[in-house]
Amino acid sequence: MVTTRAMMMTTSPDWARAVAILDGAEHVCLACHIRPDADALGSMVAVASALRDRGQGVVASFGDPFVVPAILTFLPGLELLSPPDRFPARPDVMMSFDASNVDRLGGLARSAGAAAELIVVDHHATNTGFGSVNLVDPAAAATAVLAAELISRLGVPLSREIAVGLYAGLVTDTGSFRFAATTPTVHELAAQLLRAGVDPAAVCRELYDRAPFGYLGMLAAALGRAQLDPAAVGGRGLVWTTVTRADRERAELALDAAESVIDEVRRTDDAEVAVVLKEDDQGVWQVSVRSKDVVDVGEACTELGGGGHARAAGFSHTGRAGEAIAALKGVLDRA
Ligand code: 5GP
Ligand code: MN
């Protein structure tokens, strides 16, 4: 696994080569990162729909666990998904969405390694440039921005179906147009997507404003055991909590139900860094890390075997939650 800063590289987008490869492809195999979020899955289904609209064959998938998160089941175009065991072992043309390195494709990383052409579409600054063509731009607010550019260059008109996938990615990765990446270009793209038929209230209600009743109990348990360490991160403060498997099992919730807990925890005025450790069904901690103004958590998480952006990143930890927090504090104090 590529984890050191020195090994990273980001190449500038090579649109012409990507378009030429896609123009010449009869079939395209699309993959996004495991445990996909709205940007990964939305961007992938949008491009899959665009290619299908041009009459091309598509196979779209993501590595196990092959379960669409509950809040993303409203996305149009999900019928284009197939399970990862049906994904070709040696695709002629493969695409990767929102994955900063090949390992983030999970079980589909082998197909990526064997693909004749691999078009990587991503906006992580830590992207390793693992494609034969890299459409990678860390200045893009979301992978959806790059997917929209590609669809436009392919000459495919924005259907409502395409636009909803792109909008879901755009709204999520900009924190509902709140984060620093919310440029005029972002709002211009949002306007185009609304003109193509996106109902923003309906999309945001699906993404943010619904959960089963059991979610309230899980959230209460997680927030109730939050801990603040004001001395951590050189005195800037770190707040953290866990969402255990038991918390979820009481309400029969899947791991993705814990995704939004970080958005409550990171409110904490007393902490520059917020962390939520989510225990997955295998007992592994999936760690979400956020910062506010100064700390590069992407770099810190990369050192711990994960990755992400300066203000939003993550890593996995097998063992005790306290160990993961201690390791993260150590890295952040040295930074
Ligand atoms: P989240 O906390 O929402 O799962 O992830 C925040 C950001 O960090 C996203 O850009 C996500 O792709 C990235 N990220 C989360 N976990 C990992 C990980 O284990 N490895 C890598 N490379 N990136 C991660
Ligand atoms: Mn993204």
Side-chain angles (χ1 to χ4, degrees), residues 1-5 7-8 10 31-44 46 62-63 69 71-72 96-106 109 120-130 135-148 165-175 179 181-182 186 207-208 240-241 243 255-266 273-280 282 284-291 296-318 324 327-328:
M1 174 149 181
V2 180
T3 53
T4 59
R5 206 76 182 163
M7 291 170 79
M8 286 165 186
T10 302
C32 66
H33 69 70
I34 52 168
R35 285 183 277 273
D37 55 13
D39 194 30
L41 193 58
S43 299
M44 179 172 77
F62 52 89
I71 62 162
L72 299 182
S96 163
F97 292 87
D98 205 39
S100 55
N101 64 65
V102 73
D103 295 325
R104 290 279 286 160
L105 297 177
V120 167
V121 188
D122 185 37
H123 69 131
H124 290 89
T126 54
N127 192 286
T128 56
F130 61 99
L135 306 180
V136 176
D137 182 1
T143 293
V145 173
L146 300 165
L166 296 176
Y167 192 81
L170 192 64
V171 76
T172 302
D173 270 34
T174 58
F179 298 160
T182 311
V186 163
L207 289 174
Y208 300 117
W240 68 281
T241 195
V243 180
L255 184 66
D256 57 78
E259 197 100 316
S260 53
V261 175
I262 188 68
D263 290 319
E264 293 300 332
V265 176
R266 70 183 176 83
V273 173
V275 187
V276 173
L277 299 98
K278 299 161 288 182
E279 189 182 6
D280 72 16
Q282 284 69 45
V284 176
W285 295 106
Q286 303 298 337
V287 188
S288 287
V289 188
R290 303 289 186 269
S291 65
D296 187 337
V297 291
E299 204 157 328
C301 289
T302 301
E303 259 192 66
L304 297 169
H309 308 288
R311 302 286 170 260
F315 64 100
S316 301
H317 176 76
T318 305
L328 180 63

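Each ligand, and each atom within it, is numbered from 1 in the order the structure gives. Nothing fancy with the numbering, it's 1 onward along the sequence.
The closest donor-acceptor contact from the side chain of Asn101 to the backbone of Asn127 lies at 3.5 Å or more, if one exists at all. Under a 3.5 Å cut-off, the side chain of His33 and the backbone N or O of Arg104 do not form any donor-acceptor pair.
Contacts of Gln286 with ligand 1, taken as heavy-atom pairs under 4.0 Å, are absent altogether. By the criterion of a heavy-atom distance under 4.0 Å, the side chain of His124, and not its backbone, is placed next to ligand 1. At a 4.0 Å heavy-atom cut-off, ligand 1 touches Asn101 through the side chain alone. When heavy-atom distances to ligand 1 are checked against a 4.0 Å cut-off, Ser100 comes that close only through its side chain, counted from C-beta outward. Residue Arg104 touches ligand 1 through its side chain alone, judged by heavy-atom distances below 4.0 Å.
The shortest N or O to N or O distance between Arg290 and ligand 1 is under 3.5 Å. Where the criterion is an N or O separation shorter than 3.5 Å, residue side chain and backbone included, Lys278 fails it with respect to ligand 1.
Taking NE2 of His124 as the reference point, atom OG1 of Thr143 lies at 6.5 Å (rounded to 0.5 Å). A distance of 6.0 Å separates CZ in Arg35 from OG in Ser316, rounded to the nearest 0.5 Å. Going from atom NE2 of His317 over to atom CG of Leu277 covers 8.5 Å, rounded to the nearest 0.5 Å. If you take CG on Asp39 and CG on Asp98, they are separated by 4.5 Å, rounding to the nearest 0.5 Å. Asp122 CG to Phe130 CZ: the interatomic distance, rounded to the nearest 0.5 Å, is 7.0 Å. Expressed to the nearest 0.5 Å, how far CG of Asp256 lies from NZ of Lys278 amounts to 9.5 Å.
In the vicinity of Gly308, heavy-atom distances shorter than 4.0 Å reach the ligand 1 atoms 8 (O), 13 (C), 23 (N). Using a 4.0 Å cut-off to heavy atoms of His309, the atoms of ligand 1 that qualify are 10 (O). Using a 4.0 Å cut-off to heavy atoms of Ser288, the atoms of ligand 1 that qualify are 1 (P), 2 (O), 4 (O).
Of all N, O or S atoms in Asp39, the one lying closest to the Mn ion (ligand 2) is OD2. The atom name of the N/O/S atom in Asp98 closest to the Mn ion (ligand 2) is OD1.
Put simply, the angle at the Mn ion (ligand 2) from NE2 in His123 to OD2 in Asp173 is close to 80°, to the nearest 10°.
With no hydrogens or angles considered, no side-chain donor-acceptor pair links Asp173 and His309 at under 3.5 Å.
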